[in-house]
Amino acid sequence: DLCICFQRTVPDDNIDLLLENLEQPNGLSLQSENCGGSDRRSVLHVEHRNLNPETELKKYFGARAETIFEIDSWPRHSRPGLSMTLLQSQDGIQYFTFEHSRDYQQLQFKFLDAVESMDPNNIVALLQLNPYHIDSLLQLSDVFRIQENQEMARDLIERALYSLECAFHPLFSLTSGTSRLDYLRPENRAFYLALYKHMIFLEKRGCPRTALEYCKLILSLDPDSDPLCMLLIIDFLMLRTREYQALLQLYQDWEEHRNLSQLPNFAFSTALSHFHLSKQEDMDPEESDKQRQKADLMLQNALIMFPGVLMPLLDLCSVQPDAAVTSHSFFGPKSQIGQSLALAELTALYVGRTYNVWREAGVMLWLEQSVREVLRRVDAKDPLVEDYQNKRKQRYQSAPRNIHRHVLLCEIKEAISSLPLEVTNQPVMSFDPLPPLDSVISYAQPERQPVGASNESTLSLFFRSLLPNFNLQGGPRQEDDMEVARAGHELNQEVNRLMVAMRDMLANIRFQEPPREDNPYRDEEEWD
């Protein structure tokens, strides 16, 4: 199963399974030609069994692990007007797209009206009649996540994934690495976002191996464009799961055509992988020394290329560097101020996400030794220092849209606060954050009379989407000073009142169960 364990049996006539057995997969076909023979699978190959968190939890806790979700408490699923079509097949790759029926399009218009109303109660009302409307589930999940009701937030995402799975085309495969979904088409984005949010929930629940499998799955859907920028998180999940060799193999396979070394996360995480490999007890001493030498050199070069990483990393690790480091101009405040906005965004993202993997005592000692060696090289006028400084100035002038989209989804406050004004000054909706500028639109909402122009920031629109009475940009009023003083208290009260009301409404929902329609194309009981 993809997202939840239903403990179903596999029917003998399952089309996807038969096709998968007939295929001779070489992983995701994403590796360069000289990276391995035909018998070697790409490090990004998706293992079907690893998509089930129960597999990982049983490894940790034994047979007592129980992850079956109460899908019996969900409304009965009927076809809500969501389907998938095969657009074309080319060079062994199949290109699919989700499609909305006319009825689903009307439902989508109602959802957009509910979002525009800035009242989550309207979304709850929409879900009461249409319990498997995908974008409503995604939007409402974020409301519960913000209120720290993780169980409800996770349940809504799982319900969305289940509904999307029921719409799969018979030839759509999650594990072959040959099925593509174009993010430029709005109908496909919900699947990406639901998978991403589910991946984050899995990682937080202590299932990093399962989360890694979902990361690889998302990347396989569009490896060239990588619309959610999964390359910014895959290294972290590989470190969490101690897949050090796989991380280094990915770096080797993709560096030539994707320039992974220009990303701070790969520059530091590959060095850390070599360090951990050098510590493995079963490694030959000579090979261990080679790994350690590689780790030392790569970490020093990473620090020289990205000096702005060190101080925020030590701060989050609660480590106070000595005066020799803090007083040196290379790692001092200048290293932060001198960063471009794009590089500051990447740095904040990496530090905020991975600082815990650097807190280990042995790792921190190694980092300290590397920092001292870097300072020695800087003082000795190592030509690499100036070379990297020039490269920093030439590169990272602006971040592409998929990086901004990833940061908006990452829930890492250090990274979100580093977003440029061009992003934070525009409306951002959780069901479709930063849509591509060249979207392929198949249908559009009918034009209506404008209610009134708004120049509100992302933060203001976000709070208004949750709190109808929230107003960050009201006109001048005499009591402005008092309002500012009361703002925090009132906002907290409003959030609490809203969530209490929503819990009551959800607890009393009684979903109507329309007659169940059989899908003539696939068995609804089986994932790919």
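The shortest distance between side-chain heavy atoms of L346 and F306 does not fall below 4.5 Å. No side-chain heavy atom of M199 sits less than 4.5 Å from a side-chain heavy atom of L212. Looking only at side-chain heavy atoms (C-beta outward), F201 and Y196 stay at 4.5 Å or farther from each other. Contact of the F98 side chain with the L181 side chain is registered, since non-hydrogen atoms from C-beta on lie closer than 4.5 Å. Contact annotation: the side chain of M305 never approaches that of L384 to less than 4.5 Å [non-hydrogen atoms, C-beta and beyond]. Inter-residue side-chain proximity for E368 and R372 is flagged as met; some heavy-atom pair is nearer than 4.5 Å. Looking at heavy atoms from C-beta onward, T270 lies in side-chain contact with L248 at the 4.5 angstrom threshold. Residues R189 and S439 have side chains in contact (heavy-atom distance under 4.5 Å, counting atoms from C-beta outward).
Side-chain N or O atoms of T241 include one that pairs as donor or acceptor with a backbone N or O of L237 at under 3.5 Å. At least one donor-acceptor pair closer than 3.5 Å links the side chain of S340 to the backbone N or O of Y396. Using a distance-only test at 3.5 Å, with no hydrogens or angles considered, a donor-acceptor pair links the side chain of N188 to the main chain of D182. Looking only at distances, a side-chain donor or acceptor of E213 sits under 3.5 Å from a matching main-chain atom of E47. Remark: side-chain polar atoms of Q262 are not paired, donor with acceptor, to backbone N or O of R258 under 3.5 angstrom. Side-chain N or O atoms of N149 include one that pairs as donor or acceptor with a backbone N or O of M152 at under 3.5 Å. Side chain of Q336 to backbone of G308: a donor-acceptor contact under 3.5 angstrom is found.
Contact check on R209 versus E243 returns a salt bridge, with a Lys/Arg side-chain nitrogen under 4.0 Å from an Asp/Glu carboxylate oxygen. A salt bridge links D142 with K197: the closest approach of a Lys/Arg side-chain nitrogen to an acidic carboxylate oxygen falls below 4.0 angstrom. Taking a cutoff of 4.0 Å between a charged side-chain nitrogen and a carboxylate oxygen, E151 and R154 do not qualify as a salt bridge.
Evaluation of the ring-ring contact (aromatic ring centres under 6.0 Å, His included) rule for Y355 yields no partner, not counting sequence neighbours. With sequence neighbours excluded, no residue forms a ring-ring contact (aromatic ring centres under 6.0 Å, His included) with F330. Residues passing the ring-ring contact (aromatic ring centres under 6.0 Å, His included) test with F275 are W366, sequence neighbours excluded. Taking the ring-ring contact (aromatic ring centres under 6.0 Å, His included) definition, one finds that Y388 meets it with nothing, sequence neighbours left out.
One distance of note links CG of L195 with CG of L219; it measures 12.5 Å at 0.5 Å rounding. From M230, atom CE reaches atom SG of C215 across 3.5 Å, with rounding to the nearest 0.5 Å. Summarising the geometry, atom CG belonging to N265 is positioned 8.0 Å from atom OG1 belonging to T354; distances are rounded to the nearest 0.5 Å. Distance check, rounded to the nearest 0.5 Å: CE of M311 to CZ of F331 gives 9.5 Å. Considering CG of L221 and NZ of K216, their distance stands at 14.0 Å, rounded to 0.5 Å. Once rounded to the nearest 0.5 Å, the distance linking CD of Q150 with OG of S141 reads 8.5 Å.
Nearest heavy-atom pair across P307 and S335 is O-OG, 4.0 Å. Taking all atoms of both residues into account, the shortest heavy-atom contact from T178 to G92 is CB-O, 3.4 Å. Of all the heavy atoms in M283 and S278, the pair that sits closest is SD-CA, 4.4 Å. Taking all atoms of both residues into account, the shortest heavy-atom contact from A194 to I157 is O-CG2, 3.5 Å. When every heavy atom of S269 is checked against every heavy atom of L247, the shortest pair comes out as O-CD2, 3.7 Å.
Applying the side-chain hydrogen bond (donor to acceptor under 3.5 Å, both in side chains) test between D296 and each of Q300, K294, R292 identifies R292 as the sole match.
The 12-atom threshold is not exceeded at CD of E148, counting heavy atoms of other residues, nucleotides or ligands nearer than 6.0 Å. E386 CD: 12 or fewer foreign heavy atoms inside a 6.0 Å radius.
Listed by first then second residue, pairs satisfying salt bridge (Lys or Arg N to Asp or Glu O under 4.0 Å) with a partner in residues 307-320 number zero, not counting sequence neighbours.
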Problem set entry | side chain to side chain contact (heavy atoms under 4.5 Å, CB included) assessment of N301 paired with R377 | CA-CA 10 Å; N301 290 345; R377 292 172 63 180; 3.5 Å; yes
Problem set entry | R159 vs L156, side chain to side chain contact (heavy atoms under 4.5 Å, CB included): CA-CA, chis, key distance, verdict | CA-CA 5 Å; R159 194 189 305 181; L156 294 174; 4.1 Å; yes
Exercise. Passes side chain to side chain contact (heavy atoms under 4.5 Å, CB included), F96 versus R180? Steps please.
Worked result: CA-CA 6 Å; F96 297 88; R180 302 287 186 268; over 6 Å; no
Problem set entry | Worked verdict on Q369 versus E373 for side-chain hydrogen bond (donor to acceptor under 3.5 Å, both in side chains) | CA-CA 6 Å; Q369 296 168 349; E373 179 60 21; over 6 Å; no
Exercise. Where do R185 and Y183 land on the side chain to side chain contact (heavy atoms under 4.5 Å, CB included) test, with the steps shown first?
Worked result: CA-CA 5 Å; R185 296 178 178 270; Y183 197 81; over 6 Å; no
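If you check the side chains of Q339 and T347, you find a donor sitting under 3.5 Å from an acceptor. For the residue pair Q94 and S179, no side-chain donor N or O sits within less than 3.5 Å of a side-chain acceptor on the partner. Under the 3.5 Å distance criterion, with hydrogens and angles disregarded, a donor-acceptor pair is assigned to the side chains of S261 and E255. Between the side chains of D253 and Q249, at least one donor-acceptor pair of N or O atoms lies under 3.5 Å.
The aromatic rings of F268 and W358 stand perpendicular to each other, their planes meeting at an angle above 60°, with 30° marking the opposite boundary. Ring planes of Y251 and F266: parallel class, angle under 30° (limits at 30 and 60°).
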Donor-acceptor list for residues 402-417 side chains, cut-off 3.5 Å, not counting sequence neighbours:
| from | atom 1 | to | atom 2 | distance (Å) |
| --- | --- | --- | --- | --- |
| N402 | ND2 | D226 | O | 3.1 |
| H404 | ND1 | E345 | OE1 | 3.2 |
| H404 | ND1 | E345 | OE2 | 2.9 |
| H404 | NE2 | A399 | O | 3.4 |
| R405 | NE | P433 | O | 3.2 |
| R405 | NE | L434 | O | 3.0 |
| R405 | NH1 | P227 | O | 2.7 |
| R405 | NH2 | L434 | O | 2.7 |
| H406 | ND1 | L228 | O | 2.8 |
| H406 | ND1 | C229 | O | 3.1 |
| H406 | NE2 | R353 | NH1 | 3.0 |
| H406 | NE2 | R353 | NH2 | 3.1 |
| E411 | OE1 | K204 | NZ | 2.6 |
| S417 | OG | K413 | O | 3.1 |
| S417 | OG | E414 | O | 2.9 |

